[in-house]
> 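Would you mind keeping the following structure in view while I ask a few things?
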Amino acid sequence: MPSFATSPGTRDIIAPDAARWRSFQQVFADVVEAAGFAHIIPPMFEDLGVFLRVGETTEIVTKEMYDFEDKGGRRVALRPEQTASVCRAFVEHRPVTPWKVWYAGPNFRYEKPQQGRYRQFDQVGVEVLGVDDPQLDAEVIALAVEFYRRLGLRGVQLSLNSLGDSGDRDRYAAVLLAHFSTHRDALSAESRATLERNPLRVLDSKRPEDAALIAAAPRMADQLSEAAASHFVAVQSALLAGGVGFVVNDRLVRGLDYYRRTTFEFVSTSLVAAHTAIGGGGRYDGLVAELGGPDTPGIGFALGLDRTLLACDAEGVFGAPASRVEVFVVDATGGSEAGAVCTELRAAGIGTDRAYDNRSMKAQMKSADRAGARLAIIIGDDERSAKTVIIRTMEGGSQQTVQRDALVTHVRQALGR
RNA sequence: GUGGGCGUAGCUCAGUUGGCUAGAGCGCCAGGUUGUGGUCCUGGAGGUCGCGGGUUCAAGCCCCGUCGUCCACCCCA
């Protein structure tokens, strides 16, 4: 039994997954940088106060925060998400708007772990600060859709809603509270508790006994201000014009209190477990001001790496990238030749690996196979004396003997470049 | 945080109503008559049966606790 294992809700990402993660982030970077987004790398922990602005009825703030006091007596927290950090950075640096940034990295929430729900989990995402235009809402959403397309995912459904401006949201919360309160006894115990904290969240309940009351609940759409309503309409028509399919779901609430107006969520239809939400986002027009900055509109989304990859697995798309090892050196002379051959090939830009410990040729060939190499360079005592090497193609098994000092040229040829 | 299932070799799992040195497949290692992998054959290494108590003549199998994991709720990516 090993003495140590990873802490609950954390895990090692090892081959072949680690390379897959990296290419996931690379594909994301390609998509968003082509749209003018610049990379931002905020710190992984910040003053606790930054995250408290996310909302006092938000559970990731009230009970899931990884917060602690550091040696200097500062109250800090591991970031539960990155939107608040980006807004803090905006206030701190005051870049010209529109400020379009993207990020990738881990976040931390003290939750009970489950598949697709970890205490350290990775997200990629974008944020745009300083633009009110509904055109932008549609563009941001389309960017996520394009990213899913690049991954090869097909079973992704986009849900869309508007939470209105802060006044609308408060008004709606009051109306909902009244509705559910009059039928209090019919609600599940859990929902009764939720009702106290945040009436909107009751709409999220998956408990069957709440279904009827939720279906009969008043609609957000009826509480929208004229400005918010026309913004929502504009977003929808921009999406339609861009060929982005969506479903309006006026029960879509989302967990973070700072959302205003446009909110959206991506659900994988290929996932069977409970955690089918693979991404989400929306507007947070008041957040920058909350953090002490000028009144600045903002919108963004975050996509979960783990869950999106689970969806990829379910659809059999976006597998791990192939090995970078093209050539494997099999040295049966006792290992005297392999080092120089590797150095030479690697310097020529050819991915090369070798075996150690003077293993049998058979064993070394096996390693060559496992490494995924296209070519094996075989050197025995005969070849060493003759100053030659054998180039063997792993797939067909054909071999040729070439001069040792012309190795790179012949390997290039055999690789077809 | 609440409720439930599970926890046996690196991996996926068998282990009958508790009974002698705990098994399989895959993987790994070594061979298959002097140098060459992916198929096949043979052999081998590897397990304090999550951990700690308890019941029993005897526990991988029963009981309690604990840790981990999975599922649902919750929450959300």
Side-chain angles (χ1 to χ4, degrees), chain A residues 1-11 14 54 57-64 80-83 104-125 144 188-191 193-194 197-198 201-202 204-210 252-256 265-268 271-281 301-311 328 330-334 355 357 359-384 390-399:
Chain A
M1 258 299 96
S3 301
F4 296 105
T6 53
S7 293
T10 68
R11 63 235 202 279
I14 61 177
V54 168
T57 67
T58 305
E59 293 223 338
I60 69 171
V61 168
T62 54
K63 44 186 270 203
E64 297 174 0
E81 53 120 36
Q82 293 184 240
T83 302
N107 304 312
F108 306 85
R109 294 179 194 172
Y110 195 88
E111 298 185 273
K112 186 156 177 174
Q114 231 170 285
Q115 186 175 76
R117 185 173 76 178
Y118 304 99
R119 289 183 176 175
Q120 177 180 333
F121 63 101
D122 267 62
Q123 289 182 329
V124 297
S188 65
E190 293 88 342
S191 286
T194 306
R197 298 195 310 273
N198 189 340
R201 203 75 54 69
V202 175
D204 261 343
S205 167
K206 280 176 240 164
R207 284 170 296 271
E209 58 268 41
D210 296 330
L252 178 67
V253 172
R254 304 198 47 73
L256 277 49
E265 189 169 273
F266 297 97
V267 168
S268 169
L271 257 25
V272 286
H275 298 131
T276 55
I278 58 174
F301 64 70
L303 315 180
L305 227 79
D306 317 82
R307 289 188 192 176
T308 305
L309 249 21
L310 283 175
F328 197 94
V330 174
D331 181 346
T333 69
D357 292 336
R359 307 227 289 148
S360 71
M361 182 174 287
K362 180 172 177 163
Q364 293 191 51
M365 283 301 296
K366 222 170 164 167
S367 300
D369 194 41
R370 248 196 312 256
R374 290 173 56 197
L375 301 177
I377 305 298
I378 302 170
I379 310 167
D381 293 327
D382 297 347
E383 287 74 25
R384 179 170 55 178
I390 295 170
I391 299 180
R392 177 186 175 88
T393 62
M394 294 303 287
E395 199 181 326
S398 62
Q399 301 192 166

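To find a chain, count down the sequence lines: A is the first, B the second, and so on, and within it residues start at 1. Computed from a predicted model, the values in this text were never measured in an experiment.
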> Can you tell me which nucleotide in B:G35, B:A77, B:G37 comes closest to the side chain of A:Ile378?
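Nearest listed nucleotide: B:G35.
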
> Using atom C1' in both nucleotides, what's the gap between B:G60 and B:U48 to the nearest angstrom?
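It comes out at 12 Å once rounded to the nearest Å.
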
> Partner lookup for B:C13, please. Criteria are Watson-Crick or G-U wobble with both distances under 3.5 angstrom; report none if nothing qualifies.
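Across all strands, the one nucleotide that pairs with B:C13 is B:G23.
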
> Which whole number of Å gives the distance between the P atom of B:A9 and that of B:C51?
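Looking at atom P only, B:A9 and B:C51 are 10 Å apart.
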
> Go ahead and name the base partner of B:U55; Watson-Crick or wobble counts if both distances stay under 3.5 Å, otherwise write none.
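Checking every strand shown, B:U55 finds no partner, since no pair has both distances under 3.5 Å.
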
> Could you walk me through whether A:Ser7 and A:Thr10 pass the side-chain hydrogen bond (donor to acceptor under 3.5 Å, both in side chains) test, one step at a time?
CA-CA 6 Å; A:Ser7 293; A:Thr10 68; 4.9 Å; no

> Record whether the side chain of A:Glu111 comes under 3.5 Å of the base of B:A77 through a donor-acceptor pair of N or O atoms.
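Indeed there is one.
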
> With sugar-phosphate meaning primed atoms plus P, OP1 and OP2, does A:Gln364 contact a base, only sugar-phosphate, or nothing at under 4.0 Å between heavy atoms?
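The answer is nothing, as A:Gln364 stays clear of every strand by at least 4.0 Å.
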
> Could you tell me how far apart A:Lys63 (NZ) and B:G1 (P) are, to the nearest whole angstrom?
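To the nearest whole Å, that distance equals 9 Å.
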
> Considering only the C1' atoms, how many Å lie between B:C67 and B:A58, rounded to the nearest integer?
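Between the two C1' atoms, the distance is 28 Å.
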
> Whom does B:G7 pair with, Watson-Crick or G-U wobble, provided both distances fall under 3.5 Å?
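Partner of B:G7: B:C67.
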
> Say you pick atom P in B:G15 and the same atom in B:C62; how far apart are they, in whole Å?
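To the nearest whole Å, 13 Å.
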
> Please state how far atom CG in A:Asp357 lies from atom P in B:C29, giving the value in whole angstrom units.
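From A:Asp357 CG to B:C29 P: 12 Å.
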
> Can you tell me, in whole Å, how much space there is between the P of B:A24 and that of B:C64?
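Comparing P positions in B:A24 and B:C64 gives a spacing of 33 Å.
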
> Side chain of A:Met394: nearest nucleotide among B:C76, B:G37, B:C73?
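Nearest listed nucleotide: B:G37.
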
> Under 4.0 Å, heavy atoms only, any strand: does A:Gln115 hit a base, just the sugar-phosphate, or nothing?
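Sugar-phosphate only.
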
> Check every strand shown and say whether A:Gly9 touches a base, only sugar-phosphate, or nothing at a heavy-atom separation below 4.0 Å.
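Sugar-phosphate, backbone atoms only, no base.
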
> Take the protein atom CG of A:Asp204 and the nucleotide atom P of B:A77, then report the distance between them rounded to whole Å.
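Nearest whole value for this atom pair: 11 Å.
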
> Record whether the side chain of A:Arg254 comes under 3.5 Å of the base of B:C76 through a donor-acceptor pair of N or O atoms.
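Absent.
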
> Base, sugar-phosphate or nothing for A:Phe266? Non-hydrogen atoms, less than 4.0 Å.
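Result for A:Phe266 = nothing.
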
> Please measure how far the C1' atom in B:C41 lies from the corresponding atom in B:C61, and state the result in whole Å.
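The same atom, C1', in both gives a distance of 37 Å.
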
> Looking across every strand, which nucleic acid part, if any, lies under 4.0 Å from A:Leu310 by heavy atom: base, sugar-phosphate, or nothing?
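The residue A:Leu310 makes no contact with any strand.
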
> A:Ala363 has a side chain; which of B:A30, B:C73, B:U36 sits nearest to it?
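Selected nucleotide (nearest to the side chain): B:A30.
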
> Under a 4.0 Å N-O cut-off, is there an ion pair linking A:Asp381 with A:Arg384?
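Yes, this pair counts.
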
> Going by modelled atom types, is there a donor-acceptor pair between the base of B:G35 and the side chain of A:Glu383 at under 3.5 Å?
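Check passes, donor-acceptor contact within cut-off.
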
> Are any of the side-chain heavy atoms of A:Val330 and A:Arg392 separated by less than 4.5 Å?
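A:Val330 vs A:Arg392: side chains apart.
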
> Which nucleotide, if any, forms a Watson-Crick or G-U wobble pair with B:C61, using both distances under 3.5 Å?
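Looking at the geometry, B:C61 pairs with no nucleotide.
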
> Could one point to a donor on the side chain of A:Asp369 or the base of B:G38 with an acceptor on the other under 3.5 Å away?
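Result: no qualifying N/O pair found.
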
> Once you round it to whole Å, what is the distance between P of B:G38 and CZ of A:Arg374?
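The distance from CZ of A:Arg374 to P of B:G38 comes to 21 Å, rounded to the nearest Å.
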
> Only one of A:Gln120, A:Gln123, A:Arg119 forms a side-chain contact (heavy atoms from CB on, under 4.5 Å) with A:Asn107, so which one is it?
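Between A:Asn107 and the candidates, side-chain contact (heavy atoms from CB on, under 4.5 Å) is satisfied uniquely by A:Gln123.
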
> Hey, does A:Ile278 reach any base, or is it just sugar-phosphate, or nothing, if we go heavy atoms under 4.0 Å?
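A:Ile278: backbone/sugar contact only, no base atoms under 4.0 Å.
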
> Is A:Arg207 close enough to B:C74 that one of its side-chain N or O atoms is under 4.0 Å from OP1 or OP2 there?
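So the side chain of A:Arg207 is within the cut-off, an N or O lying under 4.0 Å from OP1 or OP2 of B:C74.
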
> Using heavy atoms to find the nearest nucleotide of RNA chain B for A:Ser360 and A:Gly397 separately, return the residue whose nucleotide is more 5′.
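This one resolves to A:Ser360.
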
> Using Watson-Crick or G-U wobble geometry with both distances below 3.5 Å, tell me the partner of B:A72, or none.
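Pair assignment: B:A72 / B:U2.
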
> What's the closest nucleotide to the side chain of A:His275 if the choices are B:A77, B:C75, B:U36?
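Among B:A77, B:C75, B:U36, the one nearest the side chain of A:His275 is B:C75.
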
> Regarding A:Ser205, tell me which of base, sugar-phosphate or nothing describes its non-hydrogen contacts under 4.0 Å with the strands shown.
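Since only primed, P, OP1 and OP2 atoms lie under 4.0 Å of A:Ser205, the category is sugar-phosphate.
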
> From NZ of A:Lys366 over to C1' of B:C28, roughly how many Å is that when rounded to an integer?
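Going from A:Lys366 (NZ) to B:C28 (C1'), I get 8 Å.
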
> Using the C1' atom on both, measure B:A59 against B:A22 and round to a whole Å.
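Straight-line distance between the two C1' atoms is 13 Å.
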
> Answer with base, sugar-phosphate or nothing: what part of the nucleic acid does A:Gln399 contact at a heavy-atom distance below 4.0 Å?
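The residue A:Gln399 makes base contact.
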
> How many whole angstroms separate atom CD of A:Gln123 from atom P of B:A77?
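Between P of B:A77 and CD of A:Gln123: 6 Å.
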
> Which part of the nucleic acid does A:Asp382 contact within heavy-atom distance under 4.0 Å: base, sugar-phosphate only, or nothing?
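The answer is base, as A:Asp382 lies within the cut-off (heavy atoms under 4.0 Å) of a base atom.
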
> Does a side-chain N or O of A:Gln114 approach OP1 or OP2 of B:A72 to a distance below 4.0 Å, or not?
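Yes, because at least one side-chain N or O of A:Gln114 sits under 4.0 Å from OP1 or OP2 of B:A72.
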
> Just to be sure I understand the rule, does A:Glu265 reach a base, reach only the sugar-phosphate, or reach nothing, if contact means heavy atoms closer than 4.0 Å?
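Result for A:Glu265 = nothing.
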
> Do the non-hydrogen side-chain atoms of A:Glu81 and A:Leu256 ever get within less than 4.5 Å of each other?
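Answer yes - side chains close enough.
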
> Suppose we define a pair by two distances each less than 3.5 Å, Watson-Crick or G-U wobble; what does B:G43 pair with here?
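Check on B:G43: paired to B:C29, both distances under 3.5 Å.
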
> Give the nucleotide from the list B:U69, B:C76, B:C29 with an atom nearest to the side chain of A:Lys206.
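So the nucleotide nearest the side chain must be B:C76.
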
> So, does A:Asp210 use its side chain to make a donor-acceptor pair with the main chain of A:Ser188 at under 3.5 Å?
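Yes; judged by distance alone, with no hydrogens or angles, the pair exists.
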
> Over how many whole Å does the gap from A:Arg119 atom CZ to B:C75 atom P extend?
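Computing the A:Arg119:CZ to B:C75:P distance gives 18 Å.
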
> Looking across every strand, which nucleic acid part, if any, lies under 4.0 Å from A:Arg109 by heavy atom: base, sugar-phosphate, or nothing?
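Since a base atom lies under 4.0 Å of A:Arg109, the category is base.
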
> Would you say a side-chain N or O of A:Arg359 is under 4.0 Å from OP1 or OP2 of B:A30?
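Result: yes.
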
> Would you mind reading off the distance between A:Asn198 atom CG and B:C74 atom P, rounded to a whole angstrom?
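Spelled out: CG on A:Asn198 to P on B:C74 is 14 Å.
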
> Has the side chain of A:Arg370 got a donor or acceptor that lies under 3.5 Å from a partner of the other kind on the base of B:C28?
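No such pair is found, so the answer is no.
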
> Using a 4.0 Å heavy-atom cut-off, does A:Lys362 contact any base of the nucleic acid, only the sugar-phosphate backbone, or nothing at all?
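Base contact.
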
> For a quick check of understanding: with a heavy-atom distance under 4.0 Å over all strands, which category does A:Gly125 fall into, base, sugar-phosphate or nothing?
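Contact class for A:Gly125: none.
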
> Do A:Arg11 and A:Tyr118 meet the cation-pi criteria used here (NZ or CZ under 6.0 Å from the six-membered ring centre, within 45° of the axis)?
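A:Arg11 over A:Tyr118 ring: yes.
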
> Using a heavy-atom cut-off of 4.0 Å across all strands, would you classify A:Arg11 as base, sugar-phosphate, or nothing?
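Answer is nothing: A:Arg11 stays at 4.0 Å or more from every strand.
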
> Is there a side-chain contact between A:Met361 and A:Ile378 in this structure, where contact means two heavy atoms from C-beta onward sitting under 4.5 Å apart?
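The answer is yes; the side chains approach within 4.5 Å.
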
> Test your reading of the model: is there a side-chain donor-acceptor pair from A:Thr393 to the backbone of A:Ser398, 3.5 Å cut-off?
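A pair under 3.5 Å: yes.
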
> Tell me whether A:Arg359 contacts the main-chain N or O of A:Gln364 through its side chain, where contact means a donor paired with an acceptor under 3.5 Å.
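Between the backbone of A:Gln364 and the side chain of A:Arg359 there is no qualifying donor-acceptor contact (under 3.5 Å).
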
> Given the C1' atoms of B:U39 and B:G32, what is the spacing between them in whole Å?
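Comparing C1' positions in B:U39 and B:G32 gives a spacing of 14 Å.
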
